[in-house]
2 protein chains.
Amino acid sequence: MKALAELAKRRGFFFQTGSAYGGVSGFYTYGPHGATLKATVESAWRERWATREGHDEIDAPTIMPEAVFEASGHLDGFDDLLVECPACEQSHRADHLVEGQTDIAEAESYTAKEIEGLLAEHGITCPSCGAPLAEEPVEQFNLMFETAIGPGSTNRGYLRPETAQGIFVDFPRLREYARGELPFGVAQIGRAYRNEISPRNAIVRTREFNQAELELFFDPDEDEPDLESVADVEAPLFSAEAQTADGEPSFQTIGAAVESGPIADDWVGYYVGVATAWYDRIGIDLDRVRFRQHQAAERAHYARDCWDAEADVSGPGQDPEWIELAGIANRGTYDLSHHEAHTDERYRVFSEYDEPRTVERASVEPDMAALGPEYGSQAADIAAALEDLAETDQRAFEGETVAVEVDGETVEIPTEQTGFAVEEVTERGEQITPHVIEPSMGIDRTVYTILVHAYDEDEIDGEERTVLRLPPEMAPTLVGVFPLMDKDGLGEQARNLAADLRAVGLSVTYDDSGAIGRRYRRQDEIGTPYCITVDYESLDDGTVTVRDRDTTDQVRVGIDELAATLAALQDGELAFDQL
Amino acid sequence: MKALAELAKRRGFFFQTGSAYGGVSGFYTYGPHGATLKATVESAWRERWATREGHDEIDAPTIMPEAVFEASGHLDGFDDLLVECPACEQSHRADHLVEGQTDIAEAESYTAKEIEGLLAEHGITCPSCGAPLAEEPVEQFNLMFETAIGPGSTNRGYLRPETAQGIFVDFPRLREYARGELPFGVAQIGRAYRNEISPRNAIVRTREFNQAELELFFDPDEDEPDLESVADVEAPLFSAEAQTADGEPSFQTIGAAVESGPIADDWVGYYVGVATAWYDRIGIDLDRVRFRQHQAAERAHYARDCWDAEADVSGPGQDPEWIELAGIANRGTYDLSHHEAHTDERYRVFSEYDEPRTVERASVEPDMAALGPEYGSQAADIAAALEDLAETDQRAFEGETVAVEVDGETVEIPTEQTGFAVEEVTERGEQITPHVIEPSMGIDRTVYTILVHAYDEDEIDGEERTVLRLPPEMAPTLVGVFPLMDKDGLGEQARNLAADLRAVGLSVTYDDSGAIGRRYRRQDEIGTPYCITVDYESLDDGTVTVRDRDTTDQVRVGIDELAATLAALQDGELAFDQL
């Protein structure tokens with residue numbers, strides 16, 4: 001939305017970094033209002049997704065060594081499809097070109113070869129210069145930023161493409177902090193990096209961005225979410241089936257959608273409910289949101305089921321433009337079992353049975369005094385092979401001899417030399433690999449969507465104005481304080497009032513420059529919900545006017561009630577028309 | 001401090017990242033308590049250094065293009081001295097080896113050649129394997145992490161080595177948000193990266209860390225800090241002179257130190273005062289802090305004057321171990337003038353004179369109809385040279401002809417063809433390059449120092465305990481709530497109480513496992529200042545015991561007064577012994 005991008009730059013929400021140096025696409029700086037709004041979104045996330053759920057938050061590094069991303073699958077699988085224009089040498093995401101120039105949606109799920117075919121078949125051209133791309137190779141381009149750690153370049157590191165791995169990698173330690181008990185969640189807010197081929201749309205697709213992720217570790221046989229608390233939330237669901245049938249999203253209660261509808265997983269359903277209510281609270285318009293279920297082909301390499309929250313960020317009168325706000329995925333045991341396979345560490349928790357169980361356990365105690373002399377250096381390997389065999393196949397020990405394979409040869413060992421025995425043991429529980437549900441949110445896109453959905457233009461007294469209709473909780477400034485004029489003590493009283501309101505923790509701007517109407521417009525443009533004017537009446541009776549951004553209505557309020565009134569308006573305990 | 005590092009790992013303050021993968025030195029993860037403490041330090045910084053000072057905060061990317069660091073001087077000058085051991089191939093900071101194995105301090109200021117000489121002269125050996133390093137070359141190693149932006153590797157980027165450049169680069173835009181008026185400050189908290197040769201000492205010298213920086217832009221001829229507000233603050237100052245004379249730091253008031261003492265710069269003095277009071281508030285022991293003035297040779301390439309805050313983080317009974325917590329530097333116009341020189345943008349502000357000034361301005365309007373035919377393609381260069389000359393030397397136009405140099409040749413132009421004129425113009429002000437004062441703080445080191453200074457071991461009823469004596473404002477958990485036992489309704493009442501205290505925004509841990517003494521110890525170890533026990537008396541009379549961490553004294557408080565009492569204890573409005 002062009003008008004929003006201009007407003008964002010002019011009024012200090014966000015702008016492309018380093019324009020004096022020509023800028024580099026995909027890098028944005030948050031100015032004062034934007035940094036405040038972003039911090040508010042992050043606190044609101046922390047309050048809802050970590051504190052209120054009782055989850056811990058951690059803060060891991062953004063650079064991690066290569067081995068971690070080998071295990072996580074990012075080194076091999078975290079690619080986009082790249083095509084370079086032979087004429088202007090511009091790089092493009094090949095799947096985006098296909099989507100833009102054909103009716104094909106979700107081209108991301110095609111292979112490089114398939115996309116090459118589509119480029120030729122549909123006569124796709126370079127969006128920068130118009131040259132045909134039919135004969136051009138499509139390549140996998142890894143999206144991780146690479147760097148070298150320490151002197152020399154042998155120790156490769158990568159900037160994390162998601163905050164999640166910082167949690168998974170240190171699961172064994174985090175498990176201790178949680179006293180080893182499932183379910184537990186670990187939250188993290190921080191930077192992530194993707195070396196996008198073609199960044200676009202302001203802070204929507206950048207190369208450096210902020211994520212808020214929750215990893216909930218649970219035992220699928222034991223742990224259930226508090227579905228009741230979100231059962232009545234009506235969420236705009238766009239099921240895989242509806243997508244295939246060219247249908248539309250529809251509002252359904254989480255209760256019904258989990259019970260008999262399209263949501264297959266209880267935990268995913270729970271978080272779709274939490275997300276819906278949270279988006280509503282922070283000022284995202286639910287009529288411009290949909291939760292879209294992933295088609296099987298489109299799911300990330302680890303995801304067992306996934307719903308994306310998407311928002312329409314088109315301007316007034318334009319075609320819908322859906323962007324991904326969040327993914328809520330059941331990652332199963334993918335991450336923990338891969339880190340276990342790549343290290344010597346156990347990524348499991350001990351799960352206690354309801355009742356201790358008695359099980360038969362087979363063991364061997366090979367007679368090394370017999371095996372040693374006979375098999376020499378192979379004896380130890382034979383003992384290990386016998387141990388493995390006892391665990392997997394007790395029946396192999398039923399005969400006179402036992403056959404094991406060592407170094408590609410089959411060796412027959414007299415059963416009596418194996419020390420084979422079966423005993424009954426009581427087990428209190430077992431080591432299980434927890435499953436993971438991950439609600440993962442893009443903070444920058446959330447900020448962008450809040451701004452687009454708040455953006456409005458209307459007419460006040462015949463004059464056009466731009467207004468950001470942000471919820472009071474989210475507005476970078478809660479209240480503007482103006483003297484009617486900076487004379488006759490009005491300025492002084494207004495400055496004192498501003499200082500008093502700041503002292504109780506409210507976010508206040510003081511402004512005495514220009515006509516009062518212009519000062520209102522300045523605050524409207526940055527979404528300040530209330531403006532207070534100190535006028536001559538104030539000096540007489542100790543009241544001021546409070547003006548509502550959205551209706552431009554004004555009421556007089558006593559100065560001594562102001563702090564409490566504004567705090568109640570901010571918290572939503574009071575509505576302006578109740579004043 | 002080894003005991004602290006162990007506590008930090010065991011109780012979730014911080015630990016080396018990815019130990020399952022062998023870890024990579026210089027990368028640490030903050031666990032739940034550490035992440036909370038770090039966030040609290042950041043909020044306390046924001047409150048004191050940005051909000052209360054009226055400064056805006058921004059949030060810039062961590063990756064910036066090469067051109068920025070060419071201009072800032074980091075590409076050429078941001079090096080450490082590297083020596084590699086020929087035997088074990090371990091890399092070391094050569095200046096640190098010299099400092100460690102000789103009496104030489106601040107070896108950082110020596111050149112590579114000088115350090116090579118010192119290695120030989122003092123017989124310095126490899127600290128890992130003991131091999132002599134006398135013949136080894138010492139090299140400059142650039143500390144920035146390098147990466148490639150976008151497909152292909154032609155577009156080089158670097159991870160920022162300090163947050164500051166994100167502010168300087170976009171000064172022209174930030175100036176607009178400040179309506180072009182000096183002084184104004186821009187604050188930023190965020191990640192920074194240094195590819196340290198040998199990271200060490202837990203979170204003290206890491207490769208990825210967090211900074212809080214304030215850049216204050218001011219006009220040295222006009223703007224003065226509010227020195228009065230810090231005049232009485234007593235700061236432990238270690239002047240350059242005292243260092244040279246082998247003296248000691250001494251406590252001096254900021255007022256006296258700026259008036260007649262070692263602090264040369266008013267703004268630097270102001271921030272030393274602010275920093276001293278702020279360190280005291282967040283739990284750093286001022287008796288283990290010194291502000292050390294930089295010697296001329298030691299100053300960073302841009303700094304005109306600089307004082308470092310240093311803290312002693314040695315354990316009990318050990319030699320002092322000073323680490324740098326912050327730098328407060330007068331960077332002059334270095335950064336802004338370099339970015340101006342490297343771009344087409346003006347990094348200045350318009351400074352209005354008290355009175356408009358009338359000045360003579362010389363101009364030329366060369367007669368191109370005469371110069372063109374005579375000098376052909378050189379005519380434009382001649383006109384430009386005349387323009388420059390008029391600005392710098394009016395007297396050159398006093399004769400019949402004017403001599404200018406073009407392409408290495410001197411050309412004589414008849415003065416009448418130059419259109420030389422002098423007119424009087426009225427100027428309202430001029431474009432000046434603001435000076436910059438930068439208080440720059442390391443957040444991780446601040447966290448570390450708070451923990452070291454809070455760490456204590458004492459004996460309670462004959463039993464040793466470890467206790468973190470954190471100020472209530474800084475403690476990750478304010479209060480532990482325990483039922484005496486989880487039966488007879490005690491557990492339920494304690495859980496309800498914990499929920500009520502959480503609902504008013506206090507940070508609460510509920511614990512019912514193990515003996516009450518063990519529960520106290522667990523909270524002592526993470527610095528929780530108060531513990532509440534619900535016992536049988538609570539069921540009768542609605543009171544609970546509140547226990548003070550430091551004295552272990554206990555008092556009974558009514559449940560209905562608890563929230564207000566705890567909030568007052570946290571804010572420092574009430575002391576425990578007043579209960």
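Residue numbering restarts at 1 for every chain, and letters A, B, ... go by the order of the sequence lines. All of these numbers come straight from a predicted model, not from anything done at the bench.
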Salt bridge (Lys or Arg N to Asp or Glu O under 4.0 Å) pairs, two or more places apart, involving residues 21-35 of chain B: none
Top contributor to chain A contacts, counting heavy-atom pairs under 4.5 Å, from [options]:
| options | value |
| --- | --- |
| B:Ala187, B:Ala35, B:Ala20 | B:Ala20 |
| B:Gly166, B:Pro65, B:Gly12 | B:Gly12 |
| B:Glu196, B:Arg173, B:Glu57, B:Glu345 | B:Arg173 |

Under a 3.5 Å distance rule, please check whether B:Asp56 uses its side chain to pair with a backbone N or O of A:Gly31 as donor and acceptor. no
Strictly distance-based, threshold 3.5 Å: is any side-chain N or O of B:Thr147 a donor or acceptor partner for the main-chain N or O of A:Glu146? yes
So, for [X] and [Y], which heavy atoms are closest and what is the spacing to 0.1 Å?
| X | Y | answer |
| --- | --- | --- |
| B:Gly150 | A:Asn195 | N-OD1, 2.6 Å |
| A:Ala60 | B:Arg191 | O-NH2, 2.8 Å |
| B:Gly18 | A:Val169 | CA-CG1, 3.4 Å |

Using non-hydrogen atoms only, which part of [X] is less than 4.5 Å away from chain B: side chain, backbone, both, or neither?
| X | answer |
| --- | --- |
| A:Val68 | both |
| A:Phe15 | side chain |
| A:Leu143 | neither |
| A:Ser91 | side chain |
| A:Phe141 | side chain |
| A:Phe145 | both |
| A:Glu176 | neither |
| A:Phe171 | neither |
| A:His33 | neither |

Sort [X] into side chain, backbone, both or neither according to what part of it lies under 4.5 angstrom from a heavy atom of chain A.
| X | answer |
| --- | --- |
| B:Phe14 | neither |
| B:Arg52 | neither |
| B:Lys9 | both |

If only side-chain N and O atoms count, and only distance matters, is there a donor-acceptor pair under 3.5 Å linking [Y] with [X]?
| X | Y | answer |
| --- | --- | --- |
| A:Tyr193 | B:Thr62 | yes |
| A:Ser513 | B:Arg179 | yes |
| A:His339 | B:Tyr21 | yes |

Tell me which of these, A:Thr36, A:Asp59, A:Val24, A:Ile197, has more heavy-atom pairs under 4.5 Å with chain B than the rest. A:Asp59
Decide yes or no on side-chain contact (heavy atoms from CB on, under 4.5 Å) for B:Arg207 and A:Ile63, but give the supporting numbers first. CA-CA 9 Å; B:Arg207 287 174 165 149; A:Ile63 299 180; over 6 Å; no
